[in-house]
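Everything below concerns the one structure shown next.
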Amino acid sequence: MTLAATLTVGAAVVAVWLVSAPPPGPVPLRAPHALPPAPGPRDLLRWRWLVAPGAVTLWLASGTALVLVLLALAVVVAAGVLLRARSRRLAERAAGQRVLELCGHLAGDLGAGQPPGAALERAAATWPALAPVAAAHRIGSDVPSALREVARQAGTADLRLVAAAWQLTHRTGAGLADAVDRVAQDLRAAHATRRIVDGELASARATSRLVAALPLLALAMGSGAGGDPWGFLLGHPVGLACLAAGLAFGFAGLWWIEAIARGVERAG
């Protein structure tokens, strides 16, 4: 196997691994003023395995091989951007589901006669991001402002509704349990609509990935028919230009579908 083919296959394997990686588990939310966690040894080792071979290859490569190295690095970067967007979307969805569960638990505890402080302490025990809210109630501070501060985190914007309900009941004397229960009902309806939208968008996302993978099938069919499409793409200047354009259009299409889907999700 030539160096060009090795570089291309390696880039394809890394891109497929990045894009098709399993969804991340639930991401614990930080306290509002907490610093982001420092990169751990595994994160540093992962980037070392990617950067070190790339630097050595760039040093050894020249001409066509250098172009292929740059294309391979572009594929890895583009796949990483798409994967990070996917991970961020899943993390925001998990955070929104946690807000919905919080509203249900608060409504249940308050409806059962629990005082608001005890309900917040119990919620903070299961969701550490709410610790500043429980502390604000404990010292007699502004609970709605603490809730809005937590709502600045990704996926937790629905906490502003809880803050508004809390503030309204504090000013009017209405029942907090009924207000939070009404918020929980509205959020359940909104999440049901989001699930329908997600189901519709899933087919569009799957179709875009299938279309992006079709050129690989065409290349395999061309090789099976006795042609040499890989030799043309990897060994000829015109082929390299076609390869670069195809990769650019493929990743641009995937990014475009994701941008449209994000717009629909935000509008919903």
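If you're wondering where the values come from, they're calculated on a predicted model, not measured in any experiment. In this chain, residues are counted from 1 in sequence order.
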CG on L233 to CG on L240, rounded to 0.5 Å: 8.0 Å
Student check: side-chain heavy atoms of I260 and L201 closer than 4.5 Å: no
Check: L243 and F232 side chains under 4.5 Å, non-hydrogen atoms: no
From W166 atom CH2 to H137 atom NE2, the distance as rounded to the nearest 0.5 Å: 5.0 Å
4.5 Å side-chain heavy-atom contact, V81 and R84: no
Side chain T193, main chain A189, donor-acceptor under 3.5 Å: yes
Closest non-hydrogen atom pair between P132 and A146, with its separation: O-CB, 4.2 Å
Euclidean distance, E92 CD relative to R88 CZ, rounded to 0.5 Å: 7.0 Å
Close side-chain approach of L100 to D158, heavy-atom, < 4.5 Å: no
R262/D198 salt bridge by N-O under 4.0 Å criterion: no
Minimum-distance pair of heavy atoms, taken over all atoms of G155 and V99: O-CG2, 4.4 Å
Hphob cluster co-occupancy, L247 + L216, side-chain heavy atoms under 4.5 angstrom: yes
Shared hydrophobic cluster for L210 and I257 (ILVMFWY, side-chain gaps under 4.5 Å): no
Closest contact, heavy atoms only, L130 versus A123: CD1-CB, 3.9 Å
For G175 against T169, the heavy-atom pair lying closest together: O-CG2, 3.7 Å
Linked, directly or transitively: V238 and W230 (ILVMFWY side chains, under 4.5 Å): yes
Verdict with reasoning, R122 to Q114, per side-chain contact (heavy atoms from CB on, under 4.5 Å): CA-CA 10 Å; R122 182 176 176 182; Q114 293 280 344; 5.7 Å; no
Rounded distance [0.5 Å steps], CG in L168 versus NE2 in H170: 11.5 Å
Any donor-acceptor N or O pair under 3.5 Å, side chains R148, Q167: yes
Donor-acceptor contact below 3.5 Å, side chain T156 vs main chain V150: yes
Where D228 and G231 come nearest, the two heavy atoms and their spacing: OD1-N, 3.1 Å
Q185 and D181, any side-chain heavy atoms less than 4.5 Å apart: yes
Carboxylate-amine/guanidinium contact R205 E258, below 4.0 Å: yes
Pairwise side-chain contact, L110 with P116, heavy-atom cut-off 4.5 Å (strictly under): yes
Nearest heavy atoms of A165 and A179, plus distance in Å: CB-CB, 4.0 Å
Presence of salt bridge, D178 and R182, under 4.0 angstrom: no
Separation of C103 SG from L187 CG (nearest 0.5 Å): 5.0 Å
L214 reachable from W255 in the ILVMFWY side-chain graph, under 4.5 Å edges: no
L102 and L159: CA distance, side-chain angles, deciding distance, side-chain contact (heavy atoms from CB on, under 4.5 Å) verdict: CA-CA 9 Å; L102 166 69; L159 280 177; 3.6 Å; yes
Spatial distance of atom CZ (R160) from atom CZ (R152) [nearest 0.5 Å]: 8.5 Å
Minimum side-chain heavy-atom gap R194-R93 below 4.5 Å: no
